Amino acid sequence: QVQPVESGGGLVQPGGSLRLSCAVSGRTFNAFVGWFRQAPGKEREFVGAIAWTGGSTYYGDSVKGRFTISRDNAKNTLYLQMNSLKPEDTAVYYCATSSLYGDYGSASRYNYWGRGTQVTVSS
């Protein structure tokens, strides 16, 4: 139950939108919940994160102005709204949780990872 579960991936054309969901455990304390992505042959990249308690959000430079993180506390669910999608956004998107505060942009700070959901941006 502590492992987050992503959903909502799929195929979308350039310029389109997609919303990913991440169900997180309510049984553990989550300092940050983050989104990362990894394309074939590339390093895992920070997409964005939210401080679960306070709600502050943070974004990687490549997605600022296009992606938005939100949450539904009652449902223990995190959302990643992706707009103005580009082919270079194609990747497996992962949701992860961290029990400690720190560098939210570093994958090593996260304890539990989902299995990922594929996002493909293509015409």
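On a predicted model such as this, the values are computed, not experimentally measured, just so you know. Position 1 is the first residue of the sequence; numbering continues from there.
Cluster partners of Val5: none. The rule joins Ile, Leu, Val, Met, Phe, Trp and Tyr whenever side-chain heavy atoms lie under 4.5 Å apart, and it links nothing here. Alongside Tyr94, the hydrophobic cluster contains Phe29, Phe32, Phe36, Phe46, Tyr58, Val92, Tyr101, Tyr104, Tyr110, Trp113 (criterion: ILVMFWY side chains under 4.5 Å).
Pairs passing the disulfide bond (SG atoms under 2.5 Å apart) check and including a residue from residues 34-120, sequence neighbours excluded, read Cys22-Cys95. Among residues at least two apart or in separate chains, salt bridge (charged side-chain N to carboxylate O under 4.0 Å, His left out) pairs with a member in residues 88-102 are Arg37-Asp89, Arg66-Asp89. The list of salt bridge (charged side-chain N to carboxylate O under 4.0 Å, His left out) pairs with a residue in residues 100-121, not counting sequence neighbours, is empty.
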Q: List the steps and the verdict of side-chain hydrogen bond (donor to acceptor under 3.5 Å, both in side chains) for Glu6 and Ser21.
A: CA-CA 6 Å; Glu6 311 96 332; Ser21 298; over 6 Å; no
Q: Any chance you could lay out the side chain to side chain contact (heavy atoms under 4.5 Å, CB included) test for Gln118 and Thr120, step after step, and finish with the verdict?
A: CA-CA 6 Å; Gln118 177 71 47; Thr120 302; 3.4 Å; yes
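Side-chain contact check for Ser70 versus Gln81: every heavy-atom pair is 4.5 Å or farther apart. Between Tyr79 and Leu20, the closest side-chain pair of non-hydrogen atoms is not below 4.5 Å. For the pair Thr77 and Val24, the minimum side-chain heavy-atom distance is 4.5 Å or more. No side-chain heavy atom of Trp35 sits less than 4.5 Å from a side-chain heavy atom of Ile50.
With 3.5 Å as the limit, one finds a donor-acceptor pair spanning the side chains of Ser108 and Ser106.
The neighbour count for Tyr59 OH, taken as heavy atoms of other residues, nucleotides or ligands under 6.0 Å away, is above 12.
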Could you pull out every donor-acceptor pair under 3.5 Å between side chains of residues 8-19 and any protein atom, sequence neighbours left out?
from	atom 1	to	atom 2	distance (Å)
Ser17	OG	Asn83	OD1	2.8

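Between the side chain of Asn111 and the backbone N or O of Ser99, at least one donor-acceptor pair lies under 3.5 Å. Side-chain atoms of Ser98 never come within 3.5 Å of backbone atoms of Ala31 as a donor-acceptor pair (strictly under, hydrogens ignored).
Put simply, OG1 on Thr57 and CZ on Phe67 are 14.0 Å apart, with the number rounded to the nearest 0.5 Å.
Minimum heavy-atom separation, Thr90 to Val121: OG1-N, 2.9 Å.
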